[in-house]
Undergrad: 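Let me begin by handing over the structure; questions about it come next.
Proteins come first, then strands; the chains are lettered A, B, ... in the order of their sequence lines, and each starts at number 1.
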Protein chains: 2
Amino acid sequence: MRSYHQYCSVAKALDVVGDRWTLLIIRELALRGACRYTDLRDGLPGIATNLLAERLRELEAAGVLMRRDAPPPVATALIELTDRGRALVPIVHDLGMWGLQYMVDGPAPDDSFRCHWLTFPAELFLTDGAPDGPPASLEMRVDDEAMAVRASEGKVAISPGPAEHPDAVLAGAPAPLLGLISGHLDLDAAVAKGLHFEGSRETVERLMPRRAPVA
Amino acid sequence: MRSYHQYCSVAKALDVVGDRWTLLIIRELALRGACRYTDLRDGLPGIATNLLAERLRELEAAGVLMRRDAPPPVATALIELTDRGRALVPIVHDLGMWGLQYMVDGPAPDDSFRCHWLTFPAELFLTDGAPDGPPASLEMRVDDEAMAVRASEGKVAISPGPAEHPDAVLAGAPAPLLGLISGHLDLDAAVAKGLHFEGSRETVERLMPRRAPVA
DNA sequence: CCGCATCCGGGGCGATACTG
DNA sequence: CAGTATCGCCCCGGATGCGG
């Protein structure tokens with residue numbers, strides 16, 4: 001990107017991360033951790049390959065991310081955030097919280113979706129409503145991608161990939177799933193909107209928020 | 001900007017504020033409060049007038065800012081952030097704190113500067129080192145623009161425009177001024193780098209940080 | 001298959017000129 | 001003061017190719 005040529009810290013930050021796609025690359029690295037070029041590409045539907053390569057070069061030069069050789073079994077290099085890049089994660093998170101208000105109408109017809117994009121909203125909204133209960137595991141699934149939510153001793157942990165022995169599974173379209181997570185819909189309403197539900201209703205109700213804090 | 005077409009809150013946020021110049025417009029409205037088109041234009045050196053007009057239209061349509069008729073004596077309309085837009089201010093602030101690390105080398109030869117751009121760094125770094133002392137007033141000046149810093153009862157307030165009866169005045173180039181504010185330079189070092197200083201040294205040392213918290 | 005580089009068409013952007 | 005109009009350029013998007 002052309003520099004703004006302003007001696008202002010906000011402008012200098014945007015000189016580095018203000019380019020198109022740049023903050024979404026940070027998002028992917030924040031949600032996935034160290035990953036391959038191809039993983040990034042899959043998490044950024046719509047990006048041109050040359051643009052991704054160019055952005056990665058720029059961000060590496062700016063000290064925001066680094067490449068590291070993968071451990072022996074793998075032949076490829078891994079890309080991950082540096083300390084400087086990790087300092088951006090809370091900002092990307094907050095930006096995502098601000099953007100939630102533009103999602104309540106549901107996805108546009110040609111919107112793509114990846115399950116791990118729900119991580120930030122899930123971290124914000126999900127709480128362990130029964131901190132004294134036994135550990136519980138929930139799987140959320142859209143298309144072929146899954147995300148695991150584990151509640152244990154009052155803590156909620158969200159991780160990409162399928163859950164090991166889920167007590168409950170939620171699957172279906174993104175919109176009712178997000179509605180449930182954010183408290184806009186309860187489980188019955190989400191099911192009525194097409195969400196598929198299996199397993200322990202108790203587990204779902206333990207994790208999902210009771211009220212809707214989004215404006 | 002073309003939408004990213006991703007049903008992700010970060011992408012949706014960037015669909016609204018990810019365009020070039022957009023977050024800098026938010027910065028200006030955050031630092032100035034309600035202001036005129038021309039004020040924005042002056043605070044955004046380098047922007048094309050058609051782009052500013054177009055961005056303002058888009059941001060108004062997105063509910064981020066609004067236009068309001070000025071009180072009778074003035075003939076022009078004022079532009080200000082809505083609640084939704086004000087929710088972006090902490091994000092812009094944090095982005096600015098992150099961008100500080102790219103300013104330590106000083107401005108590029110063709111960088112422009114406005115004094116009120118120091119507001120975010122000043123809010124972060126300046127503290128009242130003598131909360132029991134009498135109110136103190138400091139003016140910082142670069143070129144023709146000034147910024148006032150008032151310390152009173154342990155609180156520090158920063159406002160655009162000249163100070164009324166400043167106990168001390170700092171004037172000169174942006175870089176030594178920022179170095180002083182951020183704690184990279186003490187007053188003598190800043191003066192050695194060309195900063196002009198007048199008035200009460202005690203007032204300056206009361207407000208400026210003792211150590212450098214920037215990496 | 002992974003990680004790009006290259007090419008090309010379209011549109012966002014930058015700069016200037018002009019207007020109510 | 002507050003924009004609109006115009007034009008050229010370069011960034012971006014999409015497709016293809018290619019070496020490891």
Side-chain angles (χ1 to χ4, degrees), chain A residues 1-6 11 14-25 28-29 32 34-61 65-80 110-112, chain B residues 1-6 11 14-25 28-29 32 34-62 65-80 108 110-112:
Chain A
M1 164 179 287
R2 289 192 43 156
S3 167
Y4 286 105
H5 295 297
Q6 298 184 355
L14 291 172
D15 281 348
V16 177
V17 297
D19 253 322
R20 189 158 165 82
W21 292 107
T22 307
L23 284 173
L24 293 186
I25 292 172
E28 283 302 305
L29 290 169
R32 292 175 182 265
C35 63
R36 299 170 302 172
Y37 181 92
T38 310
D39 300 324
L40 285 180
R41 198 184 138 91
D42 175 73
L44 296 164
I47 196 173
T49 62
N50 55 347
L51 270 192
L52 178 53
E54 186 182 337
R55 293 288 178 272
L56 291 179
R57 248 180 284 129
E58 295 165 352
L59 289 172
E60 190 175 11
L65 57 82
M66 55 183 293
R67 293 162 204 261
R68 180 168 52 87
D69 285 340
V74 193
T76 181
L78 293 180
I79 301 161
E80 61 187 333
D110 52 353
D111 274 2
S112 51
Chain B
M1 164 179 289
R2 288 191 45 157
S3 167
Y4 286 106
H5 296 297
Q6 298 183 357
L14 290 172
D15 281 349
V16 177
V17 297
D19 254 320
R20 188 157 166 79
W21 290 108
T22 307
L23 284 173
L24 293 185
I25 292 172
E28 283 302 305
L29 290 169
R32 292 175 182 265
C35 63
R36 299 170 302 172
Y37 182 93
T38 310
D39 300 325
L40 284 180
R41 188 161 188 225
D42 175 73
L44 295 164
I47 196 173
T49 62
N50 56 347
L51 271 191
L52 178 53
E54 186 182 336
R55 294 289 179 272
L56 292 179
R57 264 194 306 269
E58 296 165 353
L59 289 173
E60 190 176 10
L65 57 82
M66 56 183 294
R67 291 162 205 262
R68 180 168 53 88
D69 285 339
V74 192
T76 182
L78 293 181
I79 301 161
E80 61 187 335
D110 50 353
D111 274 3
S112 51

Undergrad: Quick one: which of C/dG3, C/dG12, D/dC12 gets closest to the side chain of A/Thr76?
TA: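 The answer is C/dG3.
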
Undergrad: Where the side chain of B/Asp19 is defined as all heavy atoms beyond and including C-beta, which of D/dG14, C/dG12, C/dA15 is the nearest nucleotide?
TA: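 The answer is C/dG12, which lies nearest to the side chain.
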
Undergrad: Reckon A/Thr38 has a side-chain N or O less than 4.0 Å from the OP1 or OP2 of C/dC1?
TA: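 Indeed not, no polar side-chain atom of A/Thr38 lies that close.
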
Undergrad: Should we count CZ of A/Arg32 as having more than 12 external heavy atoms under 6.0 Å?
TA: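 Check passes, neighbour count above 12.
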
Undergrad: Ignoring hydrogens and geometry, is there a side-chain-to-backbone donor-acceptor pair from B/Arg55 to B/Arg20 under 3.5 Å?
TA: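 Side chain of B/Arg55 to backbone of B/Arg20, a donor-acceptor pair under 3.5 Å: yes, one is there.
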
Undergrad: Side-chain N or O of B/Arg57 less than 4.0 angstrom from OP1 or OP2 on D/dT4?
TA: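 Checking B/Arg57 against D/dT4: at least one side-chain N or O falls below 4.0 Å of OP1 or OP2.
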
Undergrad: Per the atom types in the model, does the base of C/dG12 pair as donor or acceptor with the side chain of B/Asn50 at under 3.5 Å?
TA: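 It does not, because no donor-acceptor pair links the side chain of B/Asn50 to the base of C/dG12 below 3.5 Å.
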
Undergrad: Remember a base hit wins even if backbone is also touched, and classify A/Ala53 as base, sugar-phosphate or nothing at under 4.0 Å, heavy atoms.
TA: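 Sugar-phosphate contact only.
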
Undergrad: From C-beta outward on A/Trp21, which listed nucleotide comes closest to its side chain: C/dC13, C/dA17, D/dG13?
TA: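 Minimum distance to the A/Trp21 side chain belongs to D/dG13.
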
Undergrad: With a 4.0 Å cutoff (strictly under), does any side-chain N or O of A/Arg67 reach OP1 or OP2 of C/dC4?
TA: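 For C/dC4, OP1 or OP2 has a side-chain N or O of A/Arg67 closer than 4.0 Å.
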
Undergrad: Which of these nucleotides, C/dC2, C/dA17, D/dC1, is closest to any side-chain atom of B/Arg36?
TA: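 From the listed options, D/dC1 comes nearest.
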
Undergrad: Any idea which heavy atoms bring B/Arg67 and B/Glu60 closest together, and the distance?
TA: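 Shortest heavy-atom contact: NE-OE1, 2.9 Å.
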
Undergrad: Among D/dG14, C/dC4, C/dT16, which nucleotide has an atom closest to any side-chain atom of A/Tyr37?
TA: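 Among the listed nucleotides, the one closest to the side chain of A/Tyr37 is C/dC4.
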
Undergrad: Identify whether any heavy atom of B/Arg2 sits under 4.0 Å from a base atom; if not, whether one sits that close to sugar-phosphate; answer base, sugar-phosphate or nothing.
TA: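 Here B/Arg2 touches the backbone only, sparing every base.
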
Undergrad: In this structure, how many angstroms lie between the P atom of D/dC9 and the CZ atom of B/Arg20, rounded?
TA: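 About 18 Å, once rounded to whole Å.
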
